[in-house]
Amino acid sequence: MSLPTAAAKPAAPRVNPLQRIWLREIGMERLWMRPAPAAARPVIVPQVLVSQPVSALDPVPAIVAKDIAPPPAAPAAVDSAAPVAEPVAKTVAPSTRANGRPGIPASILNRTGPPPRPVPKAAEDEVVEAPRLPVAEAVKNANLDELREQVVACTACGLCEGRRHAVFGQGATPTRWLVVGEAPGEQEDRQGHPFVGRSGQLLDAMLAAVGMSRETDVFITNVIKCRPPGNRNPKPEEIAACSPYLMRQIALLKPERILVLGRFAAQTLLGTDATIGSLRGRLHSLKTDEGAEIPVIVSYHPAYLLRSPSEKARAWQDLKLASRGI
Ligand code: SF4
């Protein structure tokens with residue numbers, strides 16, 4: 001992928017009458033004409049990737065118009081055009097976060113990981129288990145199959161107690177994209193696979209719109225491998241315990257892109273508290289401890305898109321951004 005090295009804010013595109021008719025037909029006229037929301041920017045800067053905004057005027061495949069484009073908007077008069085996508089991204093390595101909210105900590109990137117869970121003192125007539133290695137140590141030399149076995153058997157945090165299945169991930173290996181969500185939901189926990197049900201169907205349609213599929217191009221996983229009770233947000237210690245699995249997946253899969261879906265996953269992977277509205281629409285960079293820099297694109301979680309279909313057009317922009325250079 002060739003990425004420009006200098007940021008240049010593009011002039012606001014003008015929309016001519018033919019383009020406006022086209023936008024109206026695919027239901028994006030209002031979104032395109034609406035001024036972009038003010039966005040808080042991440043302020044820490046070490047790894048920088050620069051992107052140009054994705055044009056909302058790119059042709060939209062039929063599958064997108066059918067499955068992820070928003071419903072047609074009623075014709076409405078608009079006075080001015082304004083770009084939706086933000087032009088430049090500056091973001092940080094996940095380990096640089098120092099605000100108390102857990103990103104993926106440096107200790108995990110450095111493979112030292114959290115301390116082992118205390119092993120209860122065994123009674124004399126109990127079988128004494130060998131002390132477990134910290135997750136970060138255990139995954140260090142694991143291949144993908146071994147890593148899967150470790151996740152399935154993992155008891156490194158309390159989420160193991162309520163799960164039906166630990167959800168390791170699913171998809172193509174080798175892979176081109178890694179899709180990362182938050183944590184398994186109820187259906188994922190039941191079936192042991194990521195992104196099933198309506199959210200999974202929408203994700204598959206979104207991927208198909210850019211010529212990708214989980215069977216041939218994409219591996220899908222979550223930051224947290226076991227379902228938090230009631231789908232609550234994962235706790236800091238759960239993130240710390242589970243993050244080495246994701247980092248090892250990234251190291252093994254070496255994806256060309258990482259598509260991060262949803263606020264929680266984006267904030268955790270990028271180590272920021274920035275809003276998803278300010279993170280999406282541009283390229284970020286994840287620097288692994290192997291020295292690789294992997295472009296990261298943030299978008300909305302399919303479950304959110306099902307609740308807020310008007311945001312599907314922005315998700316389409318994010319997919320177009322992710323598919324650049326492929
Ligand atoms: S959430 Fe992660 S760390 Fe916790 S038990 Fe499941 S696999 Fe292990």
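Residues: numbered from 1 along the sequence shown. One-based numbering, in listed order, for ligands and for the atoms of each.
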**Message:** Starting from Met212, can I reach Val196 by hopping between I/L/V/M/F/W/Y residues whose side chains sit under 4.5 Å apart?
**Reply:** no
**Prompt:** Do Arg163 and Asp189 sit within salt-bridge range, that is, some charged N less than 4.0 Å from a carboxylate O?
**Reply:** no
**Note, Glu182 side chain near Val223 side chain (heavy atom, < 4.5 Å)** = no
**Message:** Whether Glu238 and Arg232 form a salt bridge (side-chain N of Lys/Arg under 4.0 Å from carboxylate O of Asp/Glu) is what I want to check.
**Reply:** yes
**Message:** Can you name the atoms of ligand 1, numbered from 1 with element, that are less than 4.0 Å from a heavy atom of Arg163?
**Reply:** 5 (S), 6 (Fe)
**Message:** Donor-acceptor pair, distance only, cut-off 3.5 Å: does the side chain of Asn222 make one with the backbone of Lys225?
**Reply:** no
**Message:** For Tyr245, give me all partners under ring-ring contact (aromatic ring centres under 6.0 Å, His included), at least two apart in sequence or on another chain.
**Reply:** none
**Asked** What's the count of protein N, O or S atoms under 2.8 Å from atom 2 (Fe) of ligand 1?
**Response** 1
